[in-house]
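Written below as structure tokens is the structure these notes are about.
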Amino acid sequence: QLQASGGGLVQPGGSLRLSCAASGTTFSDRGWYRQTPGKQRELVATITSGGTTNYPEFVKGRFTISRDSARNTVHLQMDNLKPEDTAVYYCYAVSKFSYQTYWGQGTLVTVSS
């Protein structure tokens with residue numbers, strides 16, 4: 001249902017753009033979480049069907065989530081990346097009809113010099 005892409009290795013201060021393509025149903029809220037070994041999964045960005053976005057303080061001003069409704073895809077633009085942004089990033093989407101949450105397979109982002 002969800003296919004995440006765009007992860008990779010980038011130097012500190014660099015940028016990456018993650019994408020999450022959805023299929024199968026109509027989704028309302030969508031977003032991204034990330035997880036590193038030994039830590040809880042943490043919310044990175046959310047976007048509603050109306051386009052309202054929300055970010056935690058540690059990514060505000062650096063990450064931007066956007067929604068391409070025609071392609072049923074959500075993007076996460078990550079700028080000024082820091083080593084502490086290194087994690088596996090997971091996209092999610094909430095079904096508009098069943099309210100079930102679907103998850104992508106995760107994409108690894110490594111920020112290192």
Side-chain angles (χ1 to χ4, degrees):
Q1 296 267 357
L2 299 182
Q3 182 68 40
S5 61
L9 173 64
V10 64
Q11 292 187 341
S15 298
L16 277 177
R17 188 191 195 209
L18 306 183
S19 297
C20 180
S23 62
T25 187
T26 301
F27 298 100
S28 55
D29 294 351
R30 299 185 65 174
W32 294 86
Y33 277 78
R34 70 185 185 188
Q35 189 166 26
T36 55
K39 291 183 65 176
Q40 281 189 322
R41 188 174 290 191
E42 57 185 5
L43 182 65
V44 173
T46 64
I47 187 166
T48 67
S49 56
T52 300
T53 59
N54 190 41
Y55 308 92
E57 283 299 321
F58 58 84
V59 303
K60 271 185 182 178
R62 300 190 299 123
F63 289 12
T64 304
I65 189 170
S66 62
R67 192 165 185 153
D68 183 346
S69 297
R71 292 176 173 81
N72 213 1
T73 298
V74 168
H75 303 288
L76 182 67
Q77 177 67 39
M78 305 186 294
D79 299 317
N80 190 21
L81 283 161
K82 305 175 181 180
E84 52 264 41
D85 294 319
T86 296
V88 177
Y89 284 70
Y90 297 90
C91 62
Y92 75 90
V94 179
S95 170
K96 181 179 179 180
F97 305 111
S98 69
Y99 304 105
Q100 180 178 350
T101 299
Y102 295 85
W103 292 91
Q105 82 281 15
T107 183
L108 177 62
V109 172
T110 303
V111 185
S112 175
S113 55

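Predicted, not measured: the structure shown is a model, and the values here were computed from it. By convention here, the first residue in the shown sequence is residue 1.
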Out of curiosity, S5 OG to Q105 CD, how far, rounded to the nearest 0.5 Å? 8.0 Å
Enumerate the residue pairs fulfilling ring pair (Phe, Tyr, Trp, His ring centres under 6.0 Å) with a member in residues 93-113, sequence neighbours excluded, ordered by first and then second residue. F27-Y102, Y33-W103, Y92-W103
Which residue pairs pass the disulfide (SG to SG under 2.5 Å) test when at least one of the two sits in residues 23-65, sequence neighbours left out? none
How long is the straight-line distance from CD of Q1 back to OG of S23, given to the nearest 0.5 Å? 5.5 Å
With sequence neighbours excluded, tell me which residues meet side-chain hydrogen bond (donor to acceptor under 3.5 Å, both in side chains) with D79. S15, Q77
Applying salt bridge (charged side-chain N to carboxylate O under 4.0 Å, His left out), name anything that partners R62, two or more places apart in sequence or on another chain. D85
To the nearest 0.5 angstrom, please state how far the OG1 atom of T46 sits from the CG atom of N54. 4.5 Å
Measuring from L9:CG to T86:OG1, what's the distance to the nearest 0.5 Å? 8.5 Å
Can you run down the disulfide (SG to SG under 2.5 Å) pairs that involve residues 27-60, sequence neighbours left out, and say none if there aren't any? none
Residue pair A22 / L2: nearest heavy atoms and the distance that separates them: CB-CD2, 3.4 Å
Could you grab the distance from atom OG1 of T107 to atom CD of Q3, nearest 0.5 Å is fine? 9.5 Å
Under the side-chain hydrogen bond (donor to acceptor under 3.5 Å, both in side chains) rule, collect the residues that match up with S98, sequence neighbours excluded. S95
List, by chain and number, the other hydrophobic cluster members for F63, where Ile, Leu, Val, Met, Phe, Trp and Tyr join if side-chain heavy atoms come within less than 4.5 Å, directly or indirectly. V10, L16, L18, W32, V44, I47, Y55, F58, V59, I65, V74, L76, M78, L81, Y89, V109, V111
Working to the nearest 0.5 angstrom, can you tell me the gap between R67 CZ and N72 CG? 7.5 Å
Considering residues at least two apart in sequence or located in another chain, which fulfil the side-chain hydrogen bond (donor to acceptor under 3.5 Å, both in side chains) criterion with K60? E57
Just wondering, are more than 12 heavy atoms of other shown residues or ligands nearer than 6.0 Å to CZ in R41? yes
Among pairs that include at least one residue of residues 99-113, which meet salt bridge (charged side-chain N to carboxylate O under 4.0 Å, His left out), considering only residues two or more places apart or in two chains? none
How would you list, by chain and number, every residue that makes a side-chain hydrogen bond (donor to acceptor under 3.5 Å, both in side chains) with T53, sequence neighbours excluded? none
Pairs in or reaching into residues 18-113: which pass disulfide (SG to SG under 2.5 Å), with residues at least two apart or in two chains? C20-C91
Count the heavy atoms of every other residue, nucleotide or ligand shown that sit under 6.0 Å from CD of Q40, and state whether that count exceeds 12. no
What residue pairs, at least two apart or across chains, pass salt bridge (charged side-chain N to carboxylate O under 4.0 Å, His left out) with a residue in residues 13-32? none
